[in-house]
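Down below is the structure, laid out as structure tokens.
All residue numbers refer to positions in the sequence shown, counting from 1.
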Amino acid sequence: FSADPAPAPTDYLAGLDWLIGEWINEGSDAVVKLKYAWSEDKNYILADLDIQKAGQAAMKCQQRIGWDPAQQKIRSWLFDSDGGFSEGIWTASDTGWVVKSTATLPNGQTGSATITYIPTAENHFEIKGTQRVVGDVIEPDFEVK
């Protein structure tokens with residue numbers, strides 16, 4: 001057996017430490033504020049997302065990103081202020097991270113999407129949502145910078 005200790009959850013999340021901080025996107029139709037921070041025990045990355053449209057709160061979300069030792073993958077769980085929730089499986093790519101996400105909406109309808117997180121420059125990154133399906137309806141892609 002190995003005398004080396006098993007990696008801690010924070011070791012598996014080290015590739016996401018660039019997310020830590022406060023971010024803002026002021027798009028033409030919405031303002032998106034994101035805040036990522038390590039949990040006190042550094043086993044998770046915690047996020048608060050605040051989306052405003054026309055100066056009014058549109059949605060708030062909380063996300064937890066962590067290492068799932070059973071699946072040997074990084075997973076995330078997100079809960080929104082409308083009562084919906086989603087979970088995702090994170091995979092590192094050449095340009096950033098790809099998240100395969102499944103969701104349950106407040107009305108019980110289900111959905112799925114591929115979300116990519118791409119660092120583009122110092123203090124900048126993009127989130128792109130593609131392959132978005134809610135029920136039997138294909139939804140438009142989105143991009144947040």
Side-chain angles (χ1 to χ4, degrees), residues 1-27 29-53 55-135 139-145:
F1 83 99
S2 173
D4 294 332
T10 190
D11 296 329
Y12 293 106
L13 300 174
L16 290 169
D17 62 0
W18 60 269
L19 274 174
I20 304 301
E22 295 185 28
W23 307 89
I24 188 166
N25 172 69
E26 295 185 17
D29 63 337
V31 175
V32 180
K33 296 178 183 178
L34 305 108
K35 180 180 178 185
Y36 290 90
W38 286 105
S39 63
E40 190 174 313
D41 57 16
K42 294 212 171 193
N43 286 330
Y44 299 95
I45 295 174
L46 306 176
D48 288 312
L49 296 85
D50 183 3
I51 303 167
Q52 297 180 354
K53 292 186 178 184
Q56 301 293 317
M59 182 178 294
K60 292 183 180 262
C61 305
Q62 291 186 317
Q63 184 179 42
R64 181 176 290 258
I65 305 168
W67 175 251
D68 180 342
Q71 289 192 20
Q72 295 288 297
K73 295 180 185 288
I74 295 174
R75 292 181 65 190
S76 61
W77 300 266
L78 182 137
F79 300 90
D80 68 47
S81 57
D82 288 342
F85 59 92
S86 66
E87 64 181 291
I89 301 291
W90 293 61
T91 304
S93 73
D94 292 340
T95 58
W97 289 83
V98 176
V99 183
K100 294 292 189 177
S101 177
T102 57
T104 300
L105 282 61
N107 65 5
Q109 206 170 24
T110 59
S112 63
T114 299
I115 312 293
T116 55
Y117 289 74
I118 304 165
T120 56
E122 186 176 347
N123 298 323
H124 291 85
F125 75 96
E126 296 177 355
I127 301 173
K128 295 181 179 181
T130 59
Q131 301 172 345
R132 298 176 64 224
V133 178
V134 175
E139 296 290 333
D141 293 349
F142 72 83
E143 185 173 297
V144 176
K145 293 183 179 188

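By the side chain to side chain donor-acceptor pair (under 3.5 Å) test, Asp68 is found to be paired with Arg75, residues two or more places apart in sequence or in another chain being considered. Partners of Ser86 by side chain to side chain donor-acceptor pair (under 3.5 Å), not counting sequence neighbours: none found. Partners of Trp67 according to the ring pair (Phe, Tyr, Trp, His ring centres under 6.0 Å) rule, which considers only residues two or more places apart in sequence or in another chain, are Tyr12. With sequence neighbours left out, Phe79 forms a side-chain contact (heavy atoms from CB on, under 4.5 Å) with Trp77, Phe85. For Arg64, there are no salt bridge (charged side-chain N to carboxylate O under 4.0 Å, His left out) partners at least two apart in sequence or on another chain. In terms of the salt bridge (charged side-chain N to carboxylate O under 4.0 Å, His left out) criterion, residue partners of Asp50 (sequence neighbours excluded) are, by chain and number, Lys60. Residues forming a side-chain contact (heavy atoms from CB on, under 4.5 Å) with Thr110 (at least two apart in sequence, or on another chain): Thr104. For Asp17, there are no side chain to side chain donor-acceptor pair (under 3.5 Å) partners, not counting sequence neighbours. Listed by chain and number, the residues in a side chain to side chain donor-acceptor pair (under 3.5 Å) with Gln109 amount to none (sequence neighbours excluded). Here Lys145 pairs with Glu126, Glu143 under the salt bridge (charged side-chain N to carboxylate O under 4.0 Å, His left out) rule; sequence neighbours left out.
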Please list every donor-acceptor pair under 3.5 Å in which a side-chain atom of residues 34-47 meets a protein atom from a residue at least two apart or in another chain.
| residue | atom | partner | partner atom | Å |
| --- | --- | --- | --- | --- |
| Ser39 | OG | Asp41 | OD1 | 2.6 |
| Ser39 | OG | Lys42 | N | 3.4 |
| Ser39 | OG | Asn43 | N | 3.3 |
| Ser39 | OG | Tyr44 | N | 3.1 |
| Ser39 | OG | Tyr44 | O | 3.3 |
| Asp41 | OD1 | Asn43 | N | 2.9 |
| Asp41 | OD2 | Asn43 | ND2 | 3.4 |

Between side-chain atoms of residues 117-125 and protein atoms elsewhere (two or more places apart, or another chain), which donor-acceptor pairs fall under 3.5 Å?
| residue | atom | partner | partner atom | Å |
| --- | --- | --- | --- | --- |
| His124 | ND1 | Glu122 | O | 3.0 |

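Across all non-hydrogen atoms, the minimal contact from Ala57 to Gln52 is CA-CG, 4.2 Å.
Residues Ile65 and Leu13 form a side-chain contact, since some pair of their non-hydrogen atoms from C-beta on lies under 4.5 Å apart. Side chains of Phe142 and Ile127 form a contact here, defined as non-hydrogen atoms less than 4.5 Å apart. Side-chain atoms of Trp90 and Ile115, non-hydrogen and from C-beta on, never get closer than 4.5 Å to each other.
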### Message
Between Thr114 and Lys100, is the side-chain contact (heavy atoms from CB on, under 4.5 Å) condition met? List the steps.
### Response
CA-CA 5 Å; Thr114 299; Lys100 294 292 189 177; 3.0 Å; yes
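When each of Ile74, Thr116, Thr91 is paired with Trp97, the side-chain contact (heavy atoms from CB on, under 4.5 Å) condition holds for Ile74 and for no other.
Asn25 contributes atom CG, which lies 12.0 Å from atom NZ of Lys33 (distance to the nearest 0.5 angstrom). To the nearest 0.5 Å, atom CZ of residue Arg132 and atom CG of residue Asp141 are 7.5 Å apart.
At distances below 3.5 Å, not a single donor-acceptor pair connects side-chain atoms of Asp82 with backbone N or O atoms of Gly84.
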